[in-house]
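FYI, side chains are in, hydrogens and waters are out, and symmetry mates aren't considered; it's all heavy atoms of this structure. Along the sequence shown, residues are numbered consecutively beginning with 1.
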Amino acid sequence: MDYVATVIMGGGQGSRLFPLTRDRAKPAVPVAGRARLIDIALSNCINSGLTRIYVLTQFNSASLNRHVTRTYNFGNLLRGGVEIIAAEITPESRSWFQGTADAVRRSLRHFLDRRTDLVLILAGDHLYRMDYGPFLDRHRQSGADITLSVCPVAAEFASSFGLVHCDEQGFVTRFAEKPKGDDLEAMRVHPAAPVAGDAIPGAPFLASMGIYVFNPEVLQTLLADHPDDHDFGRELIPRALESRRVAVHFFRGYWEDIGSIASFYRANIALATERKYRLYDPDFPLFTRPRYLSPTRIDAAQITTSLIAEGSIIGRARIEGSVVGVRSRIGDGVTLDGAMVMGNDSYESDVERLSCVRRDEPPLGIGDGTTVRRAILDKGVRIGRNVQIVNVHGVAEADGGNYYIRDGIVIVPKLAIVPDGSVI
C-alpha cells in the first residue's frame, strides 16, 4: 500500500499519565510487560500491509525515538519504513507543535508526494487490534473526503471522547468534542439506529477513535485555510462538516484510549485475562524490540492469571492478576495482587546487589516479604524488604516523596527507592 502515508501522533505532554510520562513520551510508556504503547499502532500498520509510516514526536521523545529506531528497520530491499519526524524550528514557524492538526500541518512536506492517494492519521497511545484495510476500503467506497473510525462507548466514559451522530448511509451529521451535561445527552444514539447498515450494540454513544483517513488535497486545503485550528477533534473535524463529506467506519473490536492512570492500569491488568486484547494471535502479532533475554526462572512461586515477561527471576512469591515486566527481580514471600511491575532495563550483578545492602539501599527489584496491591511500579525501582504498597488509607490522589497516587492507584515512579519496612 505505497499510496497510503500513515502518520502516527507521538503524543503531547501526557499530563494525565504523570508520573509515567515524567521522563518519557506517552507512546513510549511500557505495556504488557515487554512492549510500548507505540508498538500497538505500528504493529497494526505492519499487519495491515502499511509500510510508509511517519511518527511525529515532540515531548520527552528520546526513549521513544530510540525504541522506534532500534525496532523497526525494514531493510534496504523493502520500500518504505518508519521515519521519525521531530518538532523543528523553521523559517516559517518558530514554535513547537500546538496540537495534532498543527503537527500534521507543519510536517506535510515530509510525507506528501505524488504517489500519496490517502493519508491515514493514527494516535500512538491506544490499545486495540485493527486491520486498516477495511477502514481504507470504506473510505474509498463511500466517496468521502474524510472518514473517522468510531466505536460504541458506555455513558460513564462518553464525555471523554469526541462523539458523533450519523445518518443511515454512515455520513456524519453532528460532532461534539467531549460534551458534558445536556450537550452529552444530545449525542445519545438509539441502540437500534443503523450505521452504514449495522446496528449499534449496547453502548448508547458513538465515539471517534481519533483515527482518520483524509484525501490528501482535502487535508492540505483544510490545514491551509484554517491556520489557527490546532486540533483535529476540537476544531478541524467539526469545521470539515460544514463543507466536506465525512463518513464513519464502524469498529466492533476492543479499543481503549490510554488517557489516564485508571485506563492505563485497567487495560494492562486486563491483558492477563486475554478476554479483550489477545496477545497470542499468530496472524496478527504484536511487534516490539527483540531483547534476546534468558527464560524467566521461577522458584516455587504461586502464579495465577498473570503475565510474566522474559528474563525475570522470581522467588517463592504469590502473584495474582498482575503483569511482571522484563528482567524483574522478585524476592521470597512477596505478594503481588493486581500489580503492574514494568521491570528493568538492565541486570544488577551479585556484587552490585551486595554493595547496595552494605549501603542500606534496596537492590534492584522487590525485596522479601513485600506486598504490592493495585499499584504500578515503573522501571528500575528499588523496593525494600517487608514493604506494604497497598494504599493503606484508601487515598484517591496524593503526592509522596517516592510515590504518587492517582485514581486510587499507587505509582512508584521510575528509579524510585522505597526503604525497608515502608508503608504506602
Check: Can Thr116 and Arg52 be said to form a side chain to side chain donor-acceptor pair (under 3.5 Å), step by step?
Finding: CA-CA 10 Å; Thr116 304; Arg52 281 184 59 207; 3.1 Å; yes
Check: Does any donor atom in the side chain of Asn215 or His139 lie under 3.5 Å from an acceptor atom in the other side chain?
Finding: yes
Next item on the list: Mind listing the closest non-hydrogen atom pair of Leu184 and Ala158 along with its distance?
Entry: CD1-CB, 3.8 Å
Notebook entry, point to check: Would you say the side-chain atoms of Tyr347 pair up with the backbone N or O of Gly311, donor to acceptor, closer than 3.5 Å?
Noted result: yes
Next item on the list: Grab the two heavy atoms, one from Ile85 and one from Ser107, that are nearest each other, plus how far apart they are.
Entry: CG2-OG, 3.8 Å
Next item on the list: For the pair Thr370 (side chain) and Gly384 (backbone), establish whether a donor and an acceptor sit closer than 3.5 Å, ignoring hydrogens and angles.
Entry: yes
Checklist line | Residue pair Thr6, Tyr132: steps toward the side-chain contact (heavy atoms from CB on, under 4.5 Å) verdict | finding: CA-CA 10 Å; Thr6 302; Tyr132 298 124; 5.9 Å; no
Check: Looking at Tyr254, is Arg129 sitting on its ring face, NZ or CZ under 6.0 Å from the six-membered ring centre and within 45 degrees of the normal?
Finding: no
Next item on the list: Take the angle between the ring planes of Tyr212 and Phe214 and call it parallel below 30°, perpendicular above 60°, tilted in between.
Entry: perpendicular
Next item on the list: Search all heavy atoms of Asp39 against all heavy atoms of Leu286 and return the closest pair with its distance.
Entry: O-CD1, 3.7 Å
Margin query: I need the minimum non-hydrogen distance between Pro362 and Pro419, along with the two atoms involved.
Written below: CG-CA, 4.3 Å
Next item on the list: Fit a plane to each ring of His67 and Tyr72, take the angle between them on a 0 to 90° scale, and name the class: parallel (under 30°), tilted (30 to 60°) or perpendicular (over 60°).
Entry: perpendicular
Note to self: To check you understand the geometry: which heavy-atom pair defines the closest contact between Tyr404 and Pro19, and what is its length?
What the structure shows: CD1-CG, 3.5 Å
Next item on the list: Taking all heavy atoms of Thr100 and all of Met9, pick out the closest pair and write down the distance.
Entry: O-CE, 3.5 Å
Next item on the list: Could you tell me how the ring of Phe111 sits relative to the ring of Tyr54: parallel (under 30°), tilted (30 to 60°) or perpendicular (over 60°)?
Entry: tilted
